[in-house]
Each structure stands twice: as C-alpha cells, then as structure tokens.
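Worth saying up front: this structure is predicted, and the values here are computed from it rather than measured.
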Amino acid sequence: MSGETILYLKSRKVFGSLPKIHYERIQTVGSLVSIKEKIELVAKDLNVAAPDSVVDRCREAASAVLNSYIKEQDCNHKEKDLGQLVKILYEKENKYVVADLADELAKFHSRTKHSEKVTRNTRSVSEQDAELAVQALL
C-alpha cells in the first residue's frame with residue numbers, strides 16, 4: 001500500500017446536443033425569456049445530470065415552446081400543462097408529429113415519479129429516453 005489516492009472515472013453517454021433555436025421567430029418578449037430560461041436549464045443538465053432530470057428539463061422546455069406557439073395562434077390562450085397542449089395540437093392544430101413527441105415527453109416525465117412506477121408497473125427512465133427527450137426538442 002503506497003497511500004496514493006486512486007480515482008476511477010466512469011464514462012457516461014452524452015444525451016446529444018441541443019437544436020439551434022431561432023429565437024428571432026418568437027414574437028412575445030415573455031415567451032422569449034421563458035423559452036431561453038428553459039433551454040439554458042436543459043443545456044446545464046445535458047452532460048451532468050441523471051436521465052430523470054434531463055427528461056424533466058426537456059418537458060419544461062417543450063411546454064414553454066408549445067405554449068408560445070399556441071399563444072401566437074390564439075391570443076386568448078392561457079398557459080397549460082404539456083398533457084393539455086398535446087390535446088390542442090391533435091384536435092385544433094393537426095400537428096400530429098409534434099403532438100406525439102410532446103406526448104412521449106409527458107409519459108417519460110410520469111416515469112420519474114415513484115407512485116407512477118408502482119401504480120402502473122413502469123420501468124425507470126433510461127439514458128436512451130433522455131436522449132429521445134433532447135431530440136424531441138428539435
């Protein structure tokens with residue numbers, strides 16, 4: 001025994017990279033600030049946080065983006081949760097691919113909750129789920 005400290009480094013898969021955001025297309029200042037804030041939180045968690053955290057951050061970012069988009073279509077729109085936004089995208093906007101991706105984010109988010117895992121017998125969020133959540137922001 002030499003008394004030296006040994007550090008073990010574990011490699012971890014990176015969840016991908018964030019899409020290029022066209023902030024100039026966002027028409028309202030409040031939405032712009034909210035979206036920038038949420039995307040920055042995703043960027044911070046991207047390489048250091050657990051998959052659960054990445055999924056949660058992506059869900060929040062998607063919610064901010066979709067609320068902004070729907071608000072531009074309907075100025076009377078009030079902020080809604082991602083699950084409610086999915087319904088609007090399916091029924092009123094006919095944005096099926098976006099709605100499907102948002103629905104997946106909502107499902108991944110519920111898998112981060114212990115009560116959902118027990119009640120519905122679902123698996124935990126994996127690194128692949130977190131990577132899909134990041135790519136869903138494209």
In terms of heavy-atom contacts, Ala62 and Leu137 come closest through N-CD2, 3.9 Å
Residues forming a salt bridge (Lys or Arg N to Asp or Glu O under 4.0 Å) with Lys36, sequence neighbours excluded: none
Measuring from Lys107:NZ to Arg120:CZ, what's the distance to the nearest 0.5 Å? 10.0 Å
Could you give all pairs that pass the salt bridge (Lys or Arg N to Asp or Glu O under 4.0 Å) test and reach residues 90-101, with sequence neighbours left out? none
The salt bridge (Lys or Arg N to Asp or Glu O under 4.0 Å) partners of Arg123 (sequence neighbours excluded) come to Asp129
Other than Val29, which residues form its hydrophobic cluster under the rule that side-chain heavy atoms must be closer than 4.5 Å? Val33
Minimum-distance pair of heavy atoms, taken over all atoms of Val55 and Ala130: CG2-CA, 3.9 Å
Among Ile, Leu, Val, Met, Phe, Trp and Tyr joined by side-chain contacts under 4.5 Å, find the other residues sharing a cluster with Leu101 and list them by chain and number. Val97
Asn94 and Tyr96: side chain to side chain contact (heavy atoms under 4.5 Å, CB included), yes or no, with the steps? CA-CA 6 Å; Asn94 296 324; Tyr96 302 114; 3.1 Å; yes
Could you tabulate the donor-acceptor pairs under 3.5 Å formed by side-chain atoms of residues 77-88, not counting sequence neighbours?
residue, atom, partner, partner atom, Å
His77, NE2, Asn67, OD1, 2.8
Glu79, OE1, Asn67, ND2, 3.3
Asp81, OD1, Arg59, NH2, 3.0
Asp81, OD2, Arg59, NH2, 3.3
Gln84, OE1, Asp81, N, 3.1

Quick check: closest heavy atoms across Phe108 and Val125, and the distance to 0.1 Å? O-CG2, 3.5 Å
Heavy-atom donor-acceptor pair, Ser34 side chain to Gly30 backbone, under 3.5 Å: no
